[in-house]
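Have a look at the structure below, then the notes.
Counting starts at 1 for both ligands and their atoms, in listed order. In this chain, residues are counted from 1 in sequence order. Note that the structure is a prediction, hence the values are computed from the model and not measured.
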Amino acid sequence: MTNLADLTAHELLGLISRKEVSPVDIVNSCINRIEMYESQVKAFLNIRDAETIINSIREDEPYSAIPIAIKDNMLVKGQPATCASKILSNFIAPYNATVIKKLIQNSFNIIGKTNLDEFAMGSSTENSAFYPTRNPWDLERVPGGSSGGSAASVAIGFSIWSLGSDTGGSIRQPASFCGVVGLKPTYGTVSRYGLVAFASSLDQIGPITKDVTDCALLYSFISGYDPNDSTSLNMPPYKFSPPKGDIKGLKIGLVKELMGEGVDPSVRACMDNSIKIFEDSGAIVEEVSLPHIEYSVPTYYILATAEASSNLARFDGVRYGLRANGKTAEEMMFNTRGEGFGPEVKRRIMLGTYVLSAGYYEAFYLKALKFRNLIADDFKKAFERFDVLISPTSPILPFKLGEKISNPLEMYLSDICTIPVNLAGIPAISIPCGFINNLPVGLQIMGPTFSESKLFEVSYGFEQATSFHKKRPQIGGS
Ligand code: GLN
């Protein structure tokens, strides 16, 4: 019999409403998974105890029976919020992030906070100050990052769904590596209030789920205007309706620049197969060129590090978390930041400070802003001809722990497919589109701003024609 932890939220909600399953059994099946495999996967930084989780179930509130995990850079009142950094290791959130408030209003059952790259900087979850998370499909490999804990948790059934944050790919790339669905929504549609800022003009919170229907459902709960976030758009929340998946006549652009040299041949094979699936379903797929996309990675690493260097200035030993010793205030701050931040965070603060410094601002920061506009314009032009664009989510398969950590540049370059989307502020979804040697491969579908409904339709259409979303990892052959 199928284990309840392997089902989707919408399947479980159906079973609950037909009284075919008890809410306690669902929650217990996730708790069992955690007891069996968390010591190997290490998806969480903090898990609420089983009794509290069970006691949060409300008979008349079905969402209380569908465990959700939250990336540890979002504030859940009274719980630790460490951002996987030593500098916040003893920090307890004093209030709820807006997304958390919305979930709690609907009785969602938050079971724990998931591991990430420190302050969401990374692509493998190896930059966590505490321990890396492992990929449930192969424990020797990374789950992607920075929301690696949230993606691994959903893949193995520790939680039915989760929230991640995406600044340059941190929802979509781990979703791809773990064989689940991840959405980076249009910038401004989900409140960032209570999300610890990395690069404020790029950060967005979004859902990580087992299938497209769950993704649309969870997005409907977290989206909508928030006066507490000055970049929140004054729009109503996304209204959920089950996608139908009709993609007949749809015009899909395959981004030429994201199918170039660095794409692993096995990923390319999955893309070829995906194109065929779309065409067999009646869509038209043509190649399209976005000429400035090749400058995305350098543009991103100037803008994101500049914003990070400013955002992370607040961690000074005075207001939050860790405080080291020092004879003067300056020495105390120096020592706090020296001890509290890991090497990747320091690297980015230094780079960001440099590109903003007098004399270099025009040469780097201003130029990067111009490139950001050129990249956004490339997308605008492409969407005049195409309904959506596609590419691999990641040009490479999930890699082994330790394989790339000593080469930051190589790690940065592997984000080439996801970063342009954040720079343009548009939405994109990653869905499973194949397996190579039992390792998942993700397909990225990008749309114009506010095209989330279309992305759900297109990806649901693809999902209906395939069964990749039904595969679950087996740890230790069990
Ligand atoms: N991997 C990218 C980085 O290291 C993106 C991270 C993210 O989206 N938070 O910055």
Side-chain angles (χ1 to χ4, degrees), residues 70-74 83-85 114-129 132-133 142-151 162-178 182-185 187 190 192 195-208 296-309 311-312 341-352 355 368 372 392-396 398-399 404-405 407-430 442 444:
I70 306 292
K71 187 177 182 179
D72 202 27
N73 59 352
M74 294 172 224
C83 292
S85 181
T114 57
N115 200 11
L116 63 152
D117 289 294
E118 185 175 359
F119 285 104
M121 297 174 184
S123 313
S124 67
T125 316
E126 292 169 290
N127 291 336
S128 166
T133 297
V142 303
S146 63
S147 313
S150 282
S162 69
L163 290 186
S165 68
D166 191 313
T167 307
S170 280
I171 290 175
R172 290 159 288 157
Q173 185 257 20
S176 165
F177 277 18
C178 291
L183 171 76
K184 196 294 276 184
Y187 184 77
V190 179
R192 292 183 295 106
L195 166 71
V196 179
F198 162 12
S200 315
S201 79
L202 302 158
D203 299 340
Q204 272 294 281
I205 294 170
I208 299 179
S296 299
V297 175
T299 301
Y300 171 86
Y301 276 95
I302 291 170
L303 298 178
T305 58
E307 293 186 30
S309 72
N311 276 324
L312 270 56
F341 289 138
E344 182 62 26
V345 175
K346 285 180 185 163
R347 192 178 296 131
R348 296 201 188 196
I349 292 173
M350 283 192 283
L351 188 59
V355 299
R372 183 178 192 170
T393 305
S394 165
I396 52 173
F399 45 91
K404 293 200 190 298
I405 199 75
N407 190 343
L409 271 188
E410 200 184 315
M411 189 92 90
Y412 294 175
L413 287 171
S414 71
D415 288 330
I416 175 69
C417 300
T418 49
I419 279 176
V421 165
N422 301 73
L423 291 172
I426 59 174
I429 192 167
S430 177
Q444 176 173 242

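Within 4.0 Å of ligand 1, contacts by protein heavy atoms are made from A120, M121, G122, S123, S146, D166, T167, G168, G169, S170, F198, Y300, Y301, R348, D415.
Counted by atom type alone, S430 and T393 present one or more donor-acceptor pairs between their side chains at under 3.5 Å. The closest side-chain donor-acceptor pair between S85 and E118 falls under 3.5 angstrom.
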Evaluation steps, side chain to side chain contact (heavy atoms under 4.5 Å, CB included), between R347 and F341: CA-CA 10 Å; R347 192 178 296 131; F341 289 138; over 6 Å; no

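Side-chain contact between R192 and S165 is absent, with no heavy atoms from C-beta onward closer than 4.5 Å.
Interatomic distance, CD1 of I70 versus OG of S150, reported as 7.0 Å (0.5 Å rounding).
None of V196, L116, T114 except one satisfies the side chain to side chain contact (heavy atoms under 4.5 Å, CB included) rule with D72; the exception is L116.
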